[in-house]
Each structure stands twice: as C-alpha cells, then as structure tokens.
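Keep in mind that this is a model prediction, so the values were computed, not measured. Just so it is clear: chains get the letters A, B, ... in the order the sequence lines come, proteins before strands, and each one is counted from 1.
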There are 2 protein chains.
Amino acid sequence: MRTRQSGRTGRPRGFDTEEALERAMLVFWEHGYEGASLADLTSAMGISATSMYAAFGNKEELFRKALERYSDGPGSYLVRALEEPTALGVATAILNGTVRTTTRPAHPHGCMGVQGALTTGDSGREVRDLLAAWRNNGCSRVRERFQRAVDDGDLPSQADPGLLARYVTTLSFGIAVQAASGVGRDELQEVADAALRDWPLH
Amino acid sequence: MRTRQSGRTGRPRGFDTEEALERAMLVFWEHGYEGASLADLTSAMGISATSMYAAFGNKEELFRKALERYSDGPGSYLVRALEEPTALGVATAILNGTVRTTTRPAHPHGCMGVQGALTTGDSGREVRDLLAAWRNNGCSRVRERFQRAVDDGDLPSQADPGLLARYVTTLSFGIAVQAASGVGRDELQEVADAALRDWPLH
DNA sequence: CCTTTTCTGTATCGATCGCTACAGAATCAG
DNA sequence: CTGATTCTGTAGCGATCGATACAGAAAAGG
C-alpha cells in the first residue's frame with residue numbers, strides 16, 4: 001500500500017468546495033443551524049445531498065466548517081481588532097466591525113455566531129454548545145489582549161481586563177441582536193460611538 | 001340562539017390552562033420556537049396534542065400566548081422599570097432585571113424574547129418577525145420614557161432619548177446572549193454596574 | 001481496450017414534524 | 001333517564017427531516 005500525496009485517481013469533483021461552503025455559510029447565517037434544511041443547503045450549494053455528504057461528512061460537520069469560514073471571513077474583524085496598538089483601538093475596531101458585519105446589505109443581518117443556534121432541540125445541542133464556546137472564546141481573547149494592555153501600561157493598573165472584555169463583547173452581541181431585528185447600520189454605529197465615548201478606556 | 005355567559009355545557013376541561021401555558025412557556029424559553037417539538041410541549045404540559053389544539057389553537061398561537069405570559073411574568077421587570085422616577089433609575093432597573101431574569105437558577109438562562117426565534121426556517125418566519133417586533137417595541141417604550149425624562153428636565157435637553165434607549169436595550173440583549181452562553185450572574189451584574197457608572201444618565 | 005477509483009444524481013430509507021379524524025368519557029339541559 | 005355538547009387519548013394522517021443504497025458517469029493506471 002503506497003500513500004501518494006497527489007495525483008488522486010477517480011472522477012474529479014464537479015464543484016468548488018470553497019464556493020459551496022461559502023453558500024452554505026450564508027444559509028446557516030440567515031436561517032440558523034436547525035432552520036437551514038438539507039434541501040435549503042444543497043439547493044444553495046448547487047449540488048445534491050450525496051455530494052454534500054461525500055465532501056463535508058454531515059450537516060453538523062458542514063456547520064462547523066461554515067463557522068470556521070465565517071470566522072476567517074466576515075468575522076475576521078476580531079483578529080484584526082486584537083492587533084490594534086491600544087486597548088481603545090481594539091474596542092473601537094471590535095464594535096465598528098460588529099456594526100459593519102451585522103448590517104452589510106448583501107449579507108444576512110446579525111452575527112452567525114449569535115443567531116446560528118442560540119437555542120436548539122435535542123439534535124442541535126452540540127452545535128449550540130459549540131457556538132457558546134465560540135462566543136466565550138472570543139471574549140477570552142479580548143480579555144487576554146486587555147490584560148496585555150494593562151501589563152504594557154496602556155490601561156491603568158486598576159483596570160479589570162475581564163470586565164472590560166465582557167462589556168465589549170456584551171455590546172457586540174447586543175448589536176448583533178439589534179441587527180437581526182432589522183435595526184439600521186447608522187443607528188447601531190451611534191450606539192457604538194456613544195459606548196466608546198463614555199468608557200474609561202481613554 | 002341565546003348567548004349565555006356562564007354555565008357551559010359539555011365535559012369540563014381536565015387541566016389548568018394557565019399552568020399548562022406556564023410549562024409551555026418554559027419549554028419555548030429553553031429550546032426556542034422551532035427547537036420545541038409538539039411532543040416536548042405536550043409532555044411538559046401533561047396533556048395530549050388534541051387537548052393542546054383544542055385549548056390553544058396551534059403551535060404558533062401557543063407560542064404567542066406563552067410570549068404574553070413571559071412578558072407579564074419573568075419579563076415584567078420592564079414595565080416596573082419604566083415606572084422608576086428617574087431615567088437613571090429606569091436604566092438601572094432594566095439592566096438589573098435583565099441580569100436577574102436571564103440567570104435565574106430555576107429557569108432557563110437567557111431571554112425568551114431574544115432566543116425564542118432569532119433565526120428560523122420558512123415555517124417560523126412569522127414567529128421570528130413577532131419576536132423582532134417584541135424587541136423593538138420594548139426599545140420604543142424605553143425611548144418614550146426617556147423622552148419624558150427630557151421633557152421633565154430629568155435628562156438634559158441635548159440628550160438623545162432614542163440613542164439612550166437603543167444603548168440600554170442593546171446591553172440588555174447582549175446580557176441575554178451572554179447568559180444563554182452560560183456566563184454567570186455575578187459577572188453580568190458587574191457589566192451592568194460598570195455600564196451604568198460610566199454613562200451620562202447621571 | 002479494461003479495471004479501479006471516485007464523484008454524480010435518483011430514489012428512497014426510517015424517524016420525526018405539526019396536526020387531526022375518530023370514538024369513548026364526562027358533564028349539563030330537559 | 002335521553003340527547004346534546006365538549007373534552008379526552010389513541011392512532012395515524014401527509015409532509016418533511018437528515019441521511020443513504022444504488023447504479024451510471026468520468027477520470028487515471030495498466
């Protein structure tokens with residue numbers, strides 16, 4: 001038995017997996033994990049159910065990969081925000097990025113990590129827990145960044161990085177809910193601006 | 001044909017509709033509209049599907065009545081908050097009430113109005129829109145209350161009631177998402193306290 | 001060419017979805 | 001008592017759920 005890296009035999013795949021995953025992500029983003037049926041997904045992906053299962057495993061695995069794609073695409077403002085030089089810059093980039101991403105006209109409104117599966121039936125429990133961990137992980141990374149700001153003297157020593165991170169992410173999740181409710185971009189940007197104006201990150 | 005008010009004939013109902021509705025509300029609160037199956041609901045209500053349909057109409061009507069019961073019960077902190085004498089008191093009562101209600105140990109975590117149907121498939125679109133309207137209605141009532149505070153001189157004349165209301169409700173929704181993610185009461189109360197400390201409602 | 005391998009759609013699986021037809025049970029009017 | 005009315009659970013409706021068995025199609029290796 002030889003393990004060969006390339007030159008796979010057999011019929012080549014007739015669709016682009018990355019483009020199919022992008023379309024699946026958009027369906028999950030708009031309808032949530034349980035609200036997106038296999039028929040919805042495969043129709044948007046332009047393939048049959050058989051091809052989807054062969055390429056992605058099952059619905060839950062497809063969602064996991066779609067969430068990764070969301071994190072690296074529409075949700076990538078978070079990693080960029082963490083690279084801002086100051087804590088205030090980080091918070092500003094997170095809130096501005098949230099407003100922009102959750103109210104983009106050509107995309108579903110809201111945040112996939114929030115509305116993907118906030119509650120589920122029994123069959124969706126693992127995805128629900130996955131998204132809760134995704135949100136808490138985001139908060140943890142913000143906290144670690146703020147801790148570094150305290151260590152560097154960017155934030156005063158009595159600042160509480162955990163509290164600040166929880167506050168910023170709470171606002172971000174709230175903005176996502178408002179966006180899902182149809183609230184417009186301008187109004188949410190004003191909320192973000194006001195929250196940053198009156199917060200001791202200055 | 002005479003219309004008589006009382007003394008209805010026929011077999012009397014064998015269960016308490018209010019208690020059954022309370023139990024249905026808890027199931028919807030925990031699992032969401034689409035995540036709560038008829039079997040889940042009727043099992044928790046202690047009745048058969050036939051009895052549920054006779055008493056409440058269908059699943060969507062049951063949800064509407066459960067949401068009303070939520071508003072009058074666990075969510076009633078909002079109406080009480082609006083009666084606080086000052087705008088700061090209103091905001092404080094809303095955020096404290098949100099923290100308490102979304103992290104009560106004996107109840108599902110989070111807010112039914114947020115996680116009941118943030119996204120749905122096609123069959124749940126009306127319920128999703130109903131909840132979006134429910135959230136926006138809550139924001140509007142806070143805005144009207146803050147407008148009154150401006151008119152009364154409780155808030156400075158340059159204050160923006162719409163912005164303040166959107167900010168408070170955004171925080172409230174964000175707290176609800178955090179609670180649904182398993183974040184504890186004490187940590188969320190600190191967020192609420194910090195947000196109220198550094199906000200120009202003083 | 002032929003064999004092997006992998007991808008393709010069709011057609012369908014058992015399970016569950018929301019919902020209801022039906023008949024028996026329990027009450028009131030007379 | 002009888003008849004009318006309403007509630008009750010059982011049993012099952014058609015539709016849809018996620019997931020698959022199957023056979024044909026399209027490539028590479030020999």
Side-chain angles (χ1 to χ4, degrees), chain A residues 1-21 24 27-28 31-66 117 120-128, chain B residues 1-21 24 27-28 31-66 117 120-128:
Chain A
M1 160 182 183
R2 357 172 219 178
T3 56
R4 52 174 61 189
Q5 307 276 48
S6 61
R8 312 190 328 168
T9 180
R11 178 176 176 174
R13 183 166 284 141
F15 63 95
D16 185 327
T17 57
E18 291 304 313
E19 182 174 337
L21 186 56
V27 174
F28 280 131
H31 296 292
Y33 175 68
E34 286 183 329
S37 70
L38 257 289
D40 292 334
L41 291 162
T42 55
S43 172
M45 298 165 86
I47 60 178
S48 68
T50 309
S51 296
M52 190 285 284
Y53 277 90
F56 300 100
N58 57 24
K59 188 186 180 186
E60 183 175 328
E61 283 300 313
L62 178 63
F63 184 87
R64 297 182 113 92
K65 285 157 184 158
T120 65
D122 290 349
S123 65
R125 183 166 298 152
E126 292 192 11
V127 170
R128 186 199 59 183
Chain B
M1 162 182 181
R2 4 174 215 177
T3 56
R4 52 173 60 190
Q5 307 277 46
S6 60
R8 310 192 327 168
T9 179
R11 178 176 175 173
R13 183 166 283 140
F15 63 96
D16 185 326
T17 58
E18 291 303 313
E19 182 173 336
L21 186 57
V27 175
F28 279 131
H31 296 292
Y33 175 68
E34 286 184 329
S37 70
L38 257 290
D40 292 334
L41 291 162
T42 54
S43 171
M45 298 165 87
I47 60 177
S48 69
T50 309
S51 297
M52 190 284 285
Y53 277 88
F56 299 101
N58 58 23
K59 188 185 179 185
E60 184 175 328
E61 282 301 313
L62 178 64
F63 184 86
R64 298 183 114 91
K65 285 158 183 158
T120 65
D122 290 347
S123 66
R125 183 167 298 153
E126 292 193 11
V127 169
R128 187 199 58 184

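- Not counting sequence neighbours, the partners of Arg125(A) by the side chain to side chain donor-acceptor pair (under 3.5 Å) test are Asp122(A).
- Contacts of Ala24(B) classified as side-chain contact (heavy atoms from CB on, under 4.5 Å), with partners at least two apart in sequence or in another chain: Leu41(B), Met45(B), Leu62(B).
- Taking every heavy atom of residues 47-58 of chain B and every atom of DNA chain D, pairs under 4.0 Å involve Ser48(B), Thr50(B), Ser51(B), by number.
- Applying the side-chain contact (heavy atoms from CB on, under 4.5 Å) rule to Ser48(B) yields the partners Thr50(B), Ser51(B); only residues at least two apart in sequence or on another chain are considered.
- The residue among Gly14(A) and Tyr33(B) whose nearest nucleotide of DNA chain C lies closer to the 5′ end is Gly14(A).
- Summarising the geometry of Ala117(B) relative to Val127(B), their closest heavy-atom pair is CB-CG1, 3.9 Å, with the distance given to 0.1 Å.
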Could you list the protein-to-nucleotides 2-6 of chain C atom pairs, N/O on both sides, closer than 3.5 Å?
unit_1, atom_1, unit_2, atom_2, d
dT6(C), O2, Arg11(A), N, 3.2

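- Here Lys65(A) contributes atom NZ and Leu21(A) contributes atom CG; the two are 8.5 Å apart, rounded to the nearest 0.5 Å.
- Distance CG (Asp16(A)) to C1' (dC7(C)): 15 Å, rounded to an integer number of Å.
- A straight line from CE of Met45(B) to P of dC7(D) spans 14 Å, rounded to a whole angstrom.
- Pairing each heavy atom of Val27(B) with each of Ala36(B), the nearest pair is CG1-CB, 3.7 Å.
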Expected rows: protein N/O vs nucleotides 15-17 of chain C N/O, under 3.5 Å:
none

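- Minimum interatomic distance between Tyr33(B) and Gly124(B) (heavy atoms only, all atoms of both residues): CE2-CA, 4.1 Å.
- For the pair Glu34(A) (side chain) and Gly121(A) (backbone), a donor-acceptor distance under 3.5 Å is present.
- In this view, Ser37(A) and Asp40(A) satisfy the side chain to side chain donor-acceptor pair (under 3.5 Å) rule, not counting sequence neighbours.
- One can place CG of Leu62(A) at 13 Å from C1' of dA19(D), the figure rounded to the nearest angstrom.
- At whole-Å resolution of the value, CZ in Phe15(A) and C1' in dC7(C) are 9 Å apart.
- Sorted by first then second residue, the salt bridge (Lys or Arg N to Asp or Glu O under 4.0 Å) pairs that include residues 52-62 of chain B, not counting sequence neighbours, are Glu60(B)-Arg64(B).
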Under 3.5 Å donor-acceptor pairs involving side-chain atoms of residues 12-19 of chain B, not counting sequence neighbours:
unit_1, atom_1, unit_2, atom_2, d
Asp16(B), OD1, Glu18(B), N, 2.8
Asp16(B), OD1, Glu19(B), N, 3.3
Glu18(B), OE1, Arg69(B), NH1, 2.7
Glu19(B), OE2, Arg23(B), NH2, 2.5

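- Rounded to whole Å, the distance from CD on Glu126(A) to P on dG18(D) is 16 Å.
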